[in-house]
Amino acid sequence: MTTLFYTHPACLEHDPGRHHPESAARLHAVLDALADPEFARLERREAPEAALDDLIRVHPRQHVERMLRAVPRSGHVGIDADTILSPASGEAALRAAGAVVAAVDAVMTGAADNAFCAVRPPGHHAEPARAMGFCLFNNIAVGALRARAAHGLGRVAVVDFDVHHGNGTQAAFETDSGLFYASTHQSPLYPGTGSASETGLGNIVNVPLRPMSGSSQFRVGVRQRILPALDAFRPELVLISAGFDAHKRDPLAQLLLDEGDYTWITEQLLEIAYRHAGGRLVSSLEGGYDLAALATSVAAHVRVLMSV
Ligand SMILES: [Zn+2]
């Protein structure tokens, strides 16, 4: 039984500027937590760069080329008010998407049971033709479409428990009945999408949670809305947009989850993966901005992945 762990030093070099919450310190905190002897059994891999062919299943080729051309030789360039590029951002974004592609390949070929990708920039706000919300390319959507194109899957599900709605993933999936997207998120909150009435072709499930919602509201929403929809969809691969900013200590939002909730949701999604997908599951880091809470929450998540 093997859990793969993908990351790359370039993901530490991406620098959106001083005082930006999406800092390299986040990834350092994750790497420190997973350096504990408890995680020695993780099989650590360097994330490769995503190929253009993988990116353009989600993003128009001109958009990908425009993003990579926008990367500055020095200093910073803003794509929008909070999506900022530094000289290392192009490689970091390619490695972030490439990590999920490589993890999907490894899990689909049976080289591992599941995988966690500790990457930045995150991806779930990146729409097909628009980078936004700290995200350049939609890492998890790129992985989902890779699974279909390279491994012949008919049904791939993404579950997103980041505190923000993954507008980009929803935009990439909502007209494609072979893809499924479910999200729990705080509402109202950035980016403003993700109402329960946004259902796509019946393949989108949004569970908005009011500010100050905690464990019980989260678990009821998952149990009543998301798990039954996943069972009905019968995914052949389960992908997770694993953001940890719904933690009660997170400074960017007002939900009240804790490490126990991340253990619980990971157990639920692994069960779905074993029921329908031979256990195949790939998780990729999205948000999480309190460094201590991020570290302990990722540890809780990965501990469950390694427990199978
Ligand atoms: Zn977030």
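Counting convention: from 1, in listed order, for ligands and their atoms alike.
Looking only at N/O/S atoms, D245 comes nearest to the Zn ion (ligand 1) through OD2.
Between F161 and Y262, the distance from one ring center to the other falls under 6.0 angstrom. Taking the six-membered ring wherever Trp is involved, the centroid distance between the rings of H20 and F134 falls below 6.0 Å.
Among the backbone and side-chain atoms of H164, an N, O or S atom lies under 2.8 Å from the Zn ion (ligand 1). D162 lies close to the Zn ion (ligand 1), since one of its N, O or S atoms is found at a distance under 2.8 Å.
Using the six-membered ring where Trp is involved, F5 and F116 have ring planes that are parallel, under 30° apart on the 30 and 60° scheme.
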L227/I272 under side-chain contact (heavy atoms from CB on, under 4.5 Å): CA gap, chis, key distance, verdict: CA-CA 8 Å; L227 298 179; I272 294 281; 4.1 Å; yes
